[in-house]
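Report on the following structure.
The sequence lines fix the lettering, A, B, ..., with proteins before strands; numbering per chain opens at 1.
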Number of protein chains: 2
Amino acid sequence: MSLNRNVSSIASLISDPSRAAILLHLLDGRCHPAGDLAAAAGITPQTASFHLAKMAELGIVTVEKHGRHRYYRIAQASDAEMIEQLLSFAGPAPVVSLRQSDQMKKLRHARMCYDHLAGEAAVRITESLQSAGHLQKDGLQLHVTASGERFFADFGLDLPQLRKKRRAFSRCCLDWTEREHHLAGALGQGLTERMIAMDWFRREEKSRAVRITQEGKQGIAERFGIRLD
Amino acid sequence: MSLNRNVSSIASLISDPSRAAILLHLLDGRCHPAGDLAAAAGITPQTASFHLAKMAELGIVTVEKHGRHRYYRIAQASDAEMIEQLLSFAGPAPVVSLRQSDQMKKLRHARMCYDHLAGEAAVRITESLQSAGHLQKDGLQLHVTASGERFFADFGLDLPQLRKKRRAFSRCCLDWTEREHHLAGALGQGLTERMIAMDWFRREEKSRAVRITQEGKQGIAERFGIRLD
DNA sequence: TCCACATTTCGATGATAATGGAAACGTCCA
DNA sequence: TGGACGTTTCCATTATCATCGAAATGTGGA
């Protein structure tokens, strides 16, 4: 059986700790210059460049030249979700240093999962949407109810347009820190975008971590009826 | 077994061609003695033992001693599904030999996907169940309708009992040969078990392939209204 | 008790590949 | 035009690891 050729090449990308670190860093969905990725993975720029070239060749990441920088990002959402899935499969990583544990706390609290919100905040919001009857869990699917249609429209989301996108509209994504599901798909992306636009959440520089603002706490309390800190 | 499963170690399991071959072989959900797995992967027993020990340490496979044999199997259904998912992610592999292409044809036709049916037969059956209104696709979820409840009960399945199991009841599983969904979860497993019990399908020795019997063709034509060969 | 067989452990080997130093390339800026 | 900087290419080193021969372990059968 040699169906393993392709599988192996994909998996071998992630099997290297340095590449895994790079990919993990790219999971925030943003573009990153090669140097940053090298620093994030704790390797020299040469080595990072070597790995990035390999990943680009396989189509996992794409490059964009801007001046003397080269910005890398994960090519497709499906790839990012695959990596997140591997994460949930692998379970939480062992904590080594205090600094890591600190960063870990932030990530557990709220972070980007490629293009949508993840972490405790995302899980709590998703739960709230369900208990309010706006979303209905149905396996890995999160069904938008009639009241949900109104709620999201009221929130400023253009649902018909989100449905048009060539990707899953509303689905669960296993949160690897919370071990619970949070909202993903086009709806998860749209909701996250909207909340960031309203300055409820602010993305941290060079990190997947996301910070909740004062307005965010207030707004979330009003809209979702939950208190985050 | 300390599951220090970090991403890299999980991925490196699959990244090695020999281990991938072993895992692929184990995807039929059965127990296999170490020697068989070595033969399947085209490596010596020592090497296979080395790999199996590694996988057991990570908790991906479990061992069972029976006499002088040691039977290995994939520890959890969720692990198996993850591997299947990786397969669909990687896509079909290039065919090398005639023999492989022959085996491949069989696999494409009907095979076990850990504990439920996969391949063309499974996809066609799933489609038929949907167009008959017994199942309703809803994202990654396959909802059992009222008529479906009756249909499956009539088929000899104890749905309440299947629902009790600590796993997804009814869901889609991406078929990597057909690139379509087929029925998985407890319901998929139950349906497959029932059809094998009725001798509609017969599992081949030492392979994931499944053969349809004459009774099977007839029964499937009557019950599902489709013709397989 | 002895042999056959399945499997594992040990040890050595060889191939692969990650790594970083040196240097080149291109871009930005003064 | 020259120098700083981000990035890549080239290259040599090194570490890792899959592999298999040899031998050990353990089980079943005669």
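A donor-acceptor pair is defined here as one N or O able to donate and one able to accept, closer than 3.5 Å; such a pair exists between the side chain of A/S170 and the backbone of A/L142.
In this structure, the CE atom of A/M55 is 11 Å from the P atom of D/dT8, given to the nearest Å. One interatomic measurement links the two molecules: CZ of B/R70 to C1' of C/dC5, which rounds to 14 Å at whole-angstrom precision. Rounded to whole Å, the distance from NE2 on A/H66 to C1' on D/dT7 is 16 Å. Spacing between atom NE2 of B/H69 and atom C1' of D/dG28 amounts to 9 Å, rounded to whole angstrom units. The nearest whole Å value for the distance from the CD atom in B/E57 to the P atom in C/dT8 is 14 Å. With rounding to whole Å, B/L52 atom CG is found 10 Å from C/dT7 atom C1'.
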Distances under 3.5 Å between protein N/O atoms and the N/O atoms of nucleotides 14-16 of chain C, please, pair by pair.
none

Are any protein N/O atoms closer than 3.5 Å to N/O atoms in nucleotides 18-26 of chain C? If there are, list each pair with its distance.
residue : atom : partner : partner atom : Å
C/dA18  : OP1  : A/R19   : NH1          : 3.4
C/dA18  : OP1  : A/R19   : NH2          : 3.1
C/dA18  : OP2  : A/K54   : NZ           : 2.9
C/dT19  : OP1  : A/S18   : OG           : 2.6
C/dT19  : OP2  : A/S18   : OG           : 3.3
C/dT19  : OP2  : A/H51   : NE2          : 2.6
C/dG20  : OP2  : A/T44   : N            : 3.2
C/dG20  : OP2  : A/T44   : OG1          : 3.2
C/dG20  : OP2  : A/T47   : OG1          : 3.2
C/dG20  : N7   : A/T47   : OG1          : 3.3
C/dG21  : N7   : A/Q46   : NE2          : 2.4

Query raised in the report: What do the steps show when you test B/R203 against B/R30 for side-chain contact (heavy atoms from CB on, under 4.5 Å), and what is the final call?
Result: CA-CA 11 Å; B/R203 307 194 51 173; B/R30 287 195 270 219; 3.3 Å; yes
Requested in this report: Take B/R202 and B/V210 through the test side-chain contact (heavy atoms from CB on, under 4.5 Å) and record every step on the way to the result.
Outcome: CA-CA 6 Å; B/R202 275 193 207 138; B/V210 169; over 6 Å; no
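In this structure, B/Y72 reaches the sugar-phosphate backbone alone: every heavy-atom distance under 4.0 Å involves primed, P, OP1 or OP2 atoms, never a base.
For B/F50, there are no ring-ring contact (aromatic ring centres under 6.0 Å, His included) partners two or more places apart in sequence or in a different chain.
Residues A/V61 and A/R73 form no side-chain contact, since every pair of their non-hydrogen atoms from C-beta on lies 4.5 Å or further apart. Residues A/M55 and A/R19 have side chains in contact (heavy-atom distance under 4.5 Å, counting atoms from C-beta outward).
Atom CD of B/E215 has more than 12 neighbouring heavy atoms from other residues, nucleotides or ligands inside a 6.0 Å radius.
Classification of the B/H66-B/Y71 ring pair by plane angle, with boundaries at 30° and 60°, yields perpendicular.
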